[in-house]
Amino acid sequence: MPDLAGASRRPALSRRQVSVPAEGVLQRVAAFLAAFGIGVAAYIAVAEADGGAPACLAGSGGCETVAASSHSELAGISVALIGVFGYALLLGAALLRGDAARMAGFGLGLIGLGYTVYLTWLELFVIEAICQWCMVSAVLMVALFAVSTARMLRYVGTAP
């Protein structure tokens, strides 16, 4: 009879078996994504500042519908301006080294991801329109959260 207890055991993955880019690479990728996010959010904010909306590249009109909705502001502040501020904080966390910067990047990324999921849900099910620029921002935020998570996990368990 085979030894079933031993047959199902798999060796645990060691930290060396998981390929995670170096801290500097993760910082540069996060900084690029955050800077790009600032640009996208700033474009949306500037386009909305005159009472307009960002231009939809495919001409669908979704950007105008989303910009005109009551959900484009939070407590009287443009969601796009909140995005600029959030991306700027993520850029700052990406440029800094150390545990506090990694933790800040992860925490800010988690908050940004949660808010992005909420806004995307609003677009799909409440506003019933999709803003292409908002979707670009959503993809950037998901990528930023992934990079911030990788940056955080890279150092989990390295303390003496």
Side-chain angles (χ1 to χ4, degrees), residues 18-156 158:
V18 177
S19 178
V20 177
E23 170 75 0
V25 172
L26 292 172
Q27 281 184 282
R28 287 189 294 277
V29 170
F32 171 79
L33 291 169
F36 193 27
I38 290 170
V40 170
Y43 169 68
I44 295 170
V46 168
E48 290 177 348
D50 293 331
C56 280
L57 301 178
S60 67
C63 297
E64 292 85 6
T65 304
V66 172
S69 80
S70 62
H71 301 286
S72 66
E73 291 185 350
L74 179 67
I77 301 170
S78 166
V79 169
L81 282 178
I82 294 169
V84 171
F85 181 70
Y87 281 119
L89 290 174
L90 281 160
L91 178 60
L95 295 175
L96 298 173
R97 289 188 167 270
D99 292 339
R102 282 189 287 277
M103 180 61 87
F106 176 78
L108 290 166
L110 183 61
I111 292 167
L113 178 66
Y115 195 55
T116 294
V117 168
Y118 171 69
L119 291 173
T120 303
W121 179 84
L122 285 174
E123 284 188 54
L124 292 172
F125 301 108
V126 176
I127 303 169
E128 296 180 347
I130 298 293
C131 171
Q132 298 162 0
W133 292 100
C134 298
M135 290 299 105
V136 170
S137 179
V139 168
L140 289 170
M141 188 55 70
V142 169
L144 260 167
F145 177 69
V147 171
S148 296
T149 300
R151 194 173 168 210
M152 186 76 170
L153 292 177
R154 183 163 175 41
Y155 290 92
V156 170
T158 60

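For clarity, every value in this text was computed on a predicted model and none was experimentally measured. We use all heavy atoms of the structure for the numbers below, so side chains are in, but hydrogens, waters and symmetry mates are not.
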| note | Residues pairing under ring-ring contact (aromatic ring centres under 6.0 Å, His included) where one sits in residues 73-92, two or more places apart or in two chains, turn out to be none
If you look only at distance, which donor and acceptor atoms sit under 3.5 Å apart when one is on a side chain in residues 28-46 and the other is two or more places apart or in another chain?
{"from": "Arg28", "atom 1": "NH1", "to": "Gly24", "atom 2": "O", "distance (Å)": "3.4"}
{"from": "Tyr43", "atom 1": "OH", "to": "Ala55", "atom 2": "N", "distance (Å)": "3.0"}

| What's the verdict on side chain to side chain contact (heavy atoms under 4.5 Å, CB included) for Trp133 and Val66, showing C-alpha distance, side-chain angles and the deciding distance? | CA-CA 10 Å; Trp133 292 100; Val66 172; over 6 Å; no
With a cut-off of 3.5 Å and sequence neighbours excluded, list every side-chain donor-acceptor pair involving residues 93-105.
{"from": "Arg97", "atom 1": "NH2", "to": "Gln27", "atom 2": "OE1", "distance (Å)": "3.4"}
{"from": "Asp99", "atom 1": "OD1", "to": "Arg102", "atom 2": "NH2", "distance (Å)": "2.5"}
{"from": "Arg102", "atom 1": "NH1", "to": "Glu23", "atom 2": "OE2", "distance (Å)": "3.4"}

| remark: For Ala47, the side-chain contact (heavy atoms from CB on, under 4.5 Å) test, sequence neighbours excluded, returns Pro54
| Considering all heavy atoms, the nearest Leu81-Ile77 contact | CB-CG2, 4.4 Å
| task | Report yes or no: does Gln132 contribute a side-chain atom to a donor-acceptor pair with the main-chain N or O of Leu57 at less than 3.5 Å? | result | yes
Side chains of residues 139-149: which donor-acceptor pairs under 3.5 Å do they make with residues two or more places apart or in other chains?
{"from": "Ser148", "atom 1": "OG", "to": "Leu144", "atom 2": "O", "distance (Å)": "2.9"}
{"from": "Thr149", "atom 1": "OG1", "to": "Phe145", "atom 2": "O", "distance (Å)": "2.8"}

Using atom types as modelled, flag every donor-acceptor pair under 3.5 Å from a side chain in residues 121-130 to any protein atom, sequence neighbours excluded.
{"from": "Glu123", "atom 1": "OE1", "to": "Cys131", "atom 2": "N", "distance (Å)": "2.8"}

